[in-house]
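Below is one structure, written out as structure tokens, with a few remarks after it.
Letters A, B, ... mirror the listed sequences (proteins, then strands); counts begin at 1.
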There are 2 protein chains.
Amino acid sequence: MNSGDSTLTDTKERILDAAEHLLAIKGFRGASLRAITGEAGVNLASVNYHFGSKKALLEAVIKRRIQPLNHIRRKRLEQVRESARQKGKKPDVKAALSAFIEPTLLFKESNPDAKKFFIFIGRSLTDPDDTVREVFLRFIKPIFHLLFETACEALPGQPREIIFWRLHFTIGALFHAMHISGNIKTKFLDVKTGIDANSLVNLILPFVTAGMKAK
Amino acid sequence: MNSGDSTLTDTKERILDAAEHLLAIKGFRGASLRAITGEAGVNLASVNYHFGSKKALLEAVIKRRIQPLNHIRRKRLEQVRESARQKGKKPDVKAALSAFIEPTLLFKESNPDAKKFFIFIGRSLTDPDDTVREVFLRFIKPIFHLLFETACEALPGQPREIIFWRLHFTIGALFHAMHISGNIKTKFLDVKTGIDANSLVNLILPFVTAGMKAK
DNA sequence: GATCGATTAAAACAAATGTTTGAATAAATG
DNA sequence: CATTTATTCAAACATTTGTTTTAATCGATC
């Protein structure tokens, strides 16, 4: 019986790893269960046995990575708000953006396999498959709202609608950067995509900070 | 015989329209030829008869919209460079960005059907399907290079690599905005997606201009 | 009006998909 | 050890996919 030992979860984790890889490069429809189980070295039927369906596998793949990431993002965003409240000042815009962006980008180096997931996140909101978008949105929504509220506190002069759109521009810039920087191809539109997470943070933060503060 | 009359091209255009619609909302793999021909009201085999293959249909769909769009973007970008050269000054950053962004967004209102294509463009660079990315990249690359050179002239103080990444952030912000603003769902992460093109231009231009100029 | 090429139509094709089945094997339990 | 449960495995299932085929229909030209 399943008692949390590694022999059983081995199969599940091998499936998750292979699925993560293939979902990232092939998408939900393009990653067939035969390809996934083939790469994982397990039987085709084991996906439906362990997860129930392909959609449930997708959810498991996303949840495994997003949940710990969201935990960090939430903690850092609440830190920014709390420390500002203690000082009696409004939160710093750059700090708020950094609280969301830095964990997201550094996440790549937290786990060697997370790199694959980068490509997947970068496509999450525009994925042609309803299921993928729906699952990702469910996870992203609460964090996005927290980021939004923090940004509104940091920029009390700006209308909320403008902040909303500018955060979407930020997300767009970030996710696009994640997609191309996580790409297998070494070049994308002639830019070297092999860039380390810290450098990318230092590139994107000034850009979006200036954008949020604009005018 | 084909002599350019509307009865013949009618079938091809009906296929193109239906394909554009379904490719946008379902993606390349999700849009089946049966669904496309069904919506177009034509026979299944007519796609392979008129276009040769599904991939060739995809190329035709993209080319039909992208080519005229690229023509406008190229003209406007060259205008920015030329008028700056005549004045003996460097190009204006905002003008350069506007030359690329404005036609892209206004394109939505040039054609009532182009709205569907919006979603497709918004996903073009991160599409899970190799074919889609490859075809879009082929069309986007030369314009992106022109935009890059213009931006380098406008920001002579900045290293080219930084400009390169910031333009990618710009593209990411723009395409993400296109995707959600072209979306069928009226709400996306609680923001109203039904926004007219001019308002979106006025929202995104200050953001990316400030981002390009940052520090 | 007959002929010939272009287009449409219905049917069949082979390949690939997610899922289910039922037997075989392994592991755990009494 | 015997038995029960969990897991693996190969095979088959029913759909769906893009493409091809072959015949029917249409349109223009002689």
Here the distance between atom P of C/dA23 and atom CG of A/Asn43, to the nearest Å, is 16 Å
Closest non-hydrogen atoms of A/Leu97 and A/Met212, given as atom of the first, atom of the second and distance, are CD1-CG, 3.7 Å
Rounded to whole Å, NZ of A/Lys12 lies from C1' of D/dT8 at a distance of 15 Å
Here the distance between atom C1' of C/dA9 and atom CD1 of B/Ile15, to the nearest Å, is 13 Å
Under 4.0 Å between a side-chain N/O of A/His50 and OP1 or OP2 of D/dT8, yes or no?
yes
Taking atom types as modelled, find out whether B/Ser124 and B/Arg133 have a side-chain donor-acceptor pair closer than 3.5 angstrom.
no
- Query: Would you say D/dT7 has OP1 or OP2 under 4.0 Å from some side-chain N or O of A/Thr11?
  - Reply: no
When rounded to whole Å, the NZ to C1' distance for the pair B/Lys26 and D/dT17 reads 15 Å
Is it the case that A/Asn43 and A/Ser46 place a side-chain donor and acceptor less than 3.5 Å from each other? no
Listing time: all N or O pairs from protein to nucleotides 15-18 of chain C that are below 3.5 Å?
unit_1 : atom_1 : unit_2  : atom_2 : d
C/dG18 : OP1    : A/Lys54 : NZ     : 2.7
C/dG18 : OP2    : A/Leu33 : N      : 2.9
C/dG18 : N7     : A/Arg34 : NH1    : 2.8
C/dG18 : O6     : A/Arg34 : NH2    : 2.9

To the nearest angstrom, the CG-P distance between B/Asp10 and D/dG27 comes to 13 Å
### Query
Parallel, tilted or perpendicular: which fits the ring planes of A/Phe144 and A/His168, with parallel below 30° and perpendicular above 60°?
tilted
Separation of D/dT5 atom P from A/Tyr49 atom OH, nearest Å, is 13 Å
B/Leu22 atom CG is separated from D/dT17 atom P, nearest whole Å, by 11 Å
- Charged N to carboxylate O below 4.0 Å: is that the case for B/Asp17 and B/Arg64? yes
note: A/Lys55, atom NZ; C/dT19, atom P; distance rounded to Å ~ 11 Å
B/Leu146 and B/Arg81 have their tightest heavy-atom pair at CD1-NH1, 3.3 Å
